[in-house]
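To keep things clear, I will list the structure first and then write my remarks on it.
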Amino acid sequence: MTVLKTSMRNFFAHKGRMALSAVAVVLSVAFVCGTLVFSDTMSTTFDKLFAATSADVTVSPKSAEDAGEAPSSGRPESMPASVVEAAGKAAGAKSAEGAVASPSVTVVDSDNKNLGPTNGGPTIAGNWTRNDLRSMDITSGHSPRGPTEVMIDADTADKHDLKIGDELRTIAATGDHTAKISGIAAFKVTNPGAAIVYFDTATAQRELLGATGRFTHVNVTADAGVSDTRLKANVAAAVDKAGASAYDIRTQKESADENRKAVGSFMDVMKYAMLGFAGIAFLVGIFLIINTFSMLVAQRTREIGLMRAIGSSRKQVNRSVLVEALLLGVFGSVLGVGAGIGLAVGLMKLMSGMGMELSTGDLTVAWTTPVVGMALGILVTVLAAYLPARRAGKVSPMAALRDAGTPADGRASVLRAVIGLVLTGVGGLGLYAAGQADQAKDGSLLLGGGIVLTLVGFVVIGPVLASGVVRVISVVLLRAFGPVGRMAERNALRNPRRTGATGAALMIGLALVACLSVVGSSMVASATDELDKSVGADFIVQGKGGLTAEAERALTKTPGVDHFSRYKDVGADITTPDGKVTKGAGLSATDPTYVKDLRREAVSGDVSDAYGKDAMSVGEEFADKHRLKVGDTLKVAFDDGRTGELKLAAITSDEGSLEKGAMYTDIATAQRYVPADRMPLTEMVLAEAAAGQQDKAYAALKKSLATYPQYEVMDQTDFKQTLKDQVGQMLNMVYGLLGLAIIVAILGVVNTLALSVVERTREIGLMRAIGLSRRQLRRMIRLESVVIALFGALLGLGLGMGWGATAQKLLALEGLKVLEIPWPTIIGVFVGSAFVGLFAALVPAFRAGRMNVLNAIATE
């Protein structure tokens, strides 16, 4: 009880000093809880949607694509109307209704503006059925009654200011269809971001499937008292009697689970990525907490000595500090849980602004979320305070006879230096071995180990490095400020352990920033270099879902173009002469000019021969693995087609990153084995302008596809910029998440300076008494902060560039061979760190300048 009272008294006596450490705990716990609440809310949203849209029993073709996945041919798998009739006759079936749905469409308004979601969500077209009434209400107008009418969901209508009577054009693989809006339907549950258009059944069959009397799935409704499981068995028996057994039959729960699985991987990636950054924030927060309690213990040395002198044991003193840490952990974690829920709501609003609608009505806070947040916050705080608590327990009763405080730890432990050097050396060897690896998979394990060991090594050896690096920075930066600069240098060097820990917190975040910047820049530079070497075509045309036949016809009429090269991903299972079957081999069907536009080199045979009748090429690695040679015969089972025997006419080099290991055959060959209605759409078209016609051809191509906003015409400059923008967007998102760790690190600098000012109160009073002005005092503290920040930045950026350079060597094994250091970014971050130091010192410097000189001198 005495220990608890003492801890409570000390905690509230130093509540101002604890505040910044508490903020670190709050931020870290908030990120964890916010991530969990956000991901649980997304799961709840999709669960409600899938439960509302799934029929009691659903029948679909077994070869149908996964939920939400667009078929490569642009035409969904379908079944005859006889299946609907058979399912409706099953025992326990109240009704059966044929449905049509296709995610392979683009819908545009009268201004040719794409109405599809910008967040990656699907645009789905289908027929309006009774089953849709489970999830939607017609809020305006009526359902479509003929080919000239279409209905749209209310979210899309609101987003694009659509109203009844407006004209929409639906672009599908079977052609374009124009109709006017006859009705608007609103979701009864939250629509995460899909755009939905409805036709009448006959129009949906004709415009989406290219045939009448066929459906993509059958919705079966159960009679009262009939379970979904029982109905499924009855429907299966009825469908089998009809002579049609190649169908998947699922209950409502099974359909919902299948749909959930389709979006689950995306949600898991987002969830674990955000938790990873929360872990980084926790790691940085540990340094802040250690520093806080170390300095508090040092400042209370005389007080602890008195406690020991009047009978307190080492364990009691130790427990007293740990109880303070426990109070800090509980306080910070409770606030963090609440902040996490607020963060989740903020993320939902942000996602809604980006096009993914999430309703606060679906906000889900599982009981495990606050438990996990509290447990993590308390555990991390107590563990971080353990070393300072042990140090407090070792304070001797004789300390009560000395002045307050303890001599600064001017020298780092020799043992610490040795351990740090060993860890850094082993980590460096791991990075070197990763750079020399022959396989990216093996090298990635060495890279991960090297990163962890060098990071820990730098943290351990930080106090040793602080003594040398701070002196170097001071010579360059501080000596120009005269005596004030030299005092700032000595303050930073006074306690290398503290300086090392404070700098290490900033080092972690900046090391990751530097590493990812090097990797991102190298990826862009490598892809750009490979593009210059490999792509001979002037223009690249591509878009989501593949080019429809009408879009291809529009392209072929473009003036000023010498030739077009189409690319289709046909896919196949390939059986080699050694009897081994390669499932899902990436077989590409292209025009003969494609290898000229992409400059594919052969190590054996002639690539042009691969475009002869029933011929193909394979990559060098695949050929070596199966001991293939030109002239061998491969058995190729085409996806959605027949099996044929193709002659190996060429083996292409795997050098370079563009289409490494690709296999090619002529489009005409693929068409002999794949039915026309199952032939994949053209994914990409390369175009070569006629001599001297580049500018005119570029403008003409854009004009030809002007009515198809889902496709993009790019010259090589455009394509390079697209690659750069894609990598840049990814890095900006990562930098934003790393910003949390950097914010915690800044709080660490603020806390260190604030406690350091309190620790040096008497010293500051004496300096003021002998003539140091307030301005000079504030400048001294700001310079000390800048040095600490630059120390952490120098270590972090150097470490991160080493990691990034090693990672690039592994990427070189995949064809990304150019190492590029983004010096503007690195220099900008380093200079920015100085401003971070200045910002962190504002409040501590201001408080130091306001001290009363006499009161400061009288402080013990």
Side-chain angles (χ1 to χ4, degrees), residues 20-21 24 280 283-298 384-388 390-391 406-425 427 452-474 477-478 488-512 741-742 744-756 759-760 783-800 830 833-834 836-837 840-841:
L20 291 176
S21 293
I280 295 170
L283 181 61
V284 174
I286 286 173
F287 291 102
L288 196 162
I289 295 165
I290 290 174
N291 257 9
T292 299
F293 280 95
S294 294
M295 296 175 75
L296 288 176
V297 166
Y386 178 71
L387 289 178
R390 283 196 62 192
R391 202 173 298 134
T406 57
D409 183 12
R411 296 179 302 169
S413 164
V414 174
L415 178 62
R416 182 188 185 110
V418 171
I419 293 174
L421 285 171
V422 169
L423 288 172
T424 304
V452 172
L453 288 174
T454 50
L455 177 61
V456 175
F458 265 55
V459 170
V460 174
I461 207 175
V464 177
L465 294 175
S467 300
V469 174
V470 168
R471 283 189 173 91
V472 172
I473 295 175
S474 300
L477 184 66
L478 299 188
E489 175 187 354
R490 289 171 184 169
N491 286 334
L493 291 170
R494 175 182 297 191
N495 194 324
R497 180 180 293 173
R498 181 191 304 164
T499 300
T502 306
L506 191 60
M507 175 189 76
I508 294 170
L510 296 186
L512 291 170
I742 295 173
V744 175
I746 293 172
L747 292 176
V749 178
V750 174
N751 211 20
T752 297
L753 290 173
L755 292 173
S756 178
E759 184 181 74
R760 303 196 312 252
L783 289 175
E784 179 184 351
S785 177
V786 168
V787 167
I788 293 174
L790 290 179
F791 164 69
L794 201 61
L795 295 189
L797 294 174
L799 197 57
F830 185 73
S833 299
V836 164

Contacts table for residues 790-797: side-chain donor-acceptor under 3.5 angstrom, sequence neighbours left out:
none

Side chain to side chain contact (heavy atoms under 4.5 Å, CB included) between V787 and E489, intermediate numbers included
CA-CA 8 Å; V787 167; E489 175 187 354; over 6 Å; no
In Å and rounded to the nearest 0.5 Å, what is the CD1 to OG distance from I742 to S833?
8.0 Å
Test your reading of the model: is there a side-chain donor-acceptor pair from T454 to the backbone of G427, 3.5 Å cut-off?
no
Work out which heavy atom in G457 is nearest to a heavy atom in L423; give both atom names and the distance.
CA-CB, 3.8 Å
Between L455 and I508, does a side chain to side chain contact (heavy atoms under 4.5 Å, CB included) hold up when you go through it step by step?
CA-CA 8 Å; L455 177 61; I508 294 170; 3.9 Å; yes
Of all the heavy-atom pairs spanning V460 and P463, show the shortest one and how long it is.
O-CD, 3.4 Å
Using every non-hydrogen atom in the two residues, find where S785 and A841 come nearest and quote the distance to one decimal.
CB-CB, 3.5 Å
For the CG atom of L477 and the CG atom of L783, what is their distance to the nearest 0.5 Å?
7.0 Å
Distance-minimising heavy-atom pair for A834 and V786
O-CG2, 3.6 Å
A789: side chain to side chain contact (heavy atoms under 4.5 Å, CB included) partners, not counting sequence neighbours:
L506
Can you tell me how far the CD1 atom of I788 sits from the CD1 atom of I473, to the nearest 0.5 Å?
10.5 Å
L421: side chain to side chain contact (heavy atoms under 4.5 Å, CB included) partners, not counting sequence neighbours
I461
